[in-house]
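Beneath this line is the structure, given in C-alpha cells, with notes to follow.
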Amino acid sequence: HKTAWMMEKKFGGPASSFDAFKLAITDQTQILDECDLSDEVKKCLRANIAKRLTPQPVKVRADIEVACYAYEGIDAVKAALRAGLAVSTEDLPVKINLIAPPLYVVTTTSLDKEKGIALVQDALDAIETVIKE
C-alpha cells in the first residue's frame, strides 16, 4: 500500500508504478524516499527491484551474403567486412563470423534493442558501400 498504490496515484495510469520502480533503480533514487518507508525496507525494496528489473541484453543478428567476382575478389570482401567491423564501439562491439562462403553473420549484444539494430544496420551499410566500390 505504501509503494505501488501510492505510485499509481502519483504517476497516474496503469503500470505507471512499474516505470517508477525502474526509475528508482536507475536515475531517480529519491522516488522511494517519498513512500514513508524505513531505511531497512527501502534497502530491501531497492535490492529486490534491481534484481527483478535489471535490463536483459538483446542479441541482434543479421545473416548476409558478401561476394565479389571481380579481380580483387577476396581482398574486396575482406575490406568490406573490415569496414563493417570499424562501425563497432567499445560499448557495442560488432562481430562478423563466417558461416560458409559467401554467408556471414553480423551480431551485436546491447541493452537497448533500438541501438543494437541501428548499429548492425550501420555495419551492413558500410559493408555494402565498400563491396560496391
List the steps and the verdict of side-chain contact (heavy atoms from CB on, under 4.5 Å) for V77 and Y104. CA-CA 11 Å; V77 171; Y104 295 88; 3.7 Å; yes
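Closest heavy-atom contact between V120 and V106: CG1-CG1, 4.2 Å. Contact between A123 and V94 at its shortest, heavy atoms only, is CB-CG1, 4.3 Å. Scanning both residues, V130 and A83, for their nearest heavy atoms gives CG2-CB, 3.5 Å. Among all heavy-atom pairs drawn from I127 and A80, the shortest one is CG1-O, 3.3 Å. Across L81 and I96, no two heavy atoms sit closer than the pair O-CD1, 3.5 Å. Residues L103 and E65 come closest through the heavy atom pair CD2-CG, 3.3 Å.
For the atom pair OG1 (T108) and CZ (R61), the distance works out to 13.5 Å, reported to the nearest 0.5 Å. Rounded to the nearest 0.5 angstrom, L85 CG and K95 NZ are separated by 11.0 Å. Rounding to the nearest 0.5 Å places CD1 of I117 at 12.0 Å from CG of D122.
Under the 4.5 Å side-chain criterion, counting only non-hydrogen atoms from C-beta, C68 is in contact with I131. Residues V58 and S110 have side chains not in contact (no heavy-atom distance under 4.5 Å, counting atoms from C-beta outward). At least one side-chain heavy atom of T107 sits under 4.5 Å from a side-chain heavy atom of K59.
Clustering ILVMFWY residues whenever any of their side-chain heavy atoms sit less than 4.5 angstrom apart, transitively, puts L98 in the very cluster that holds I64.
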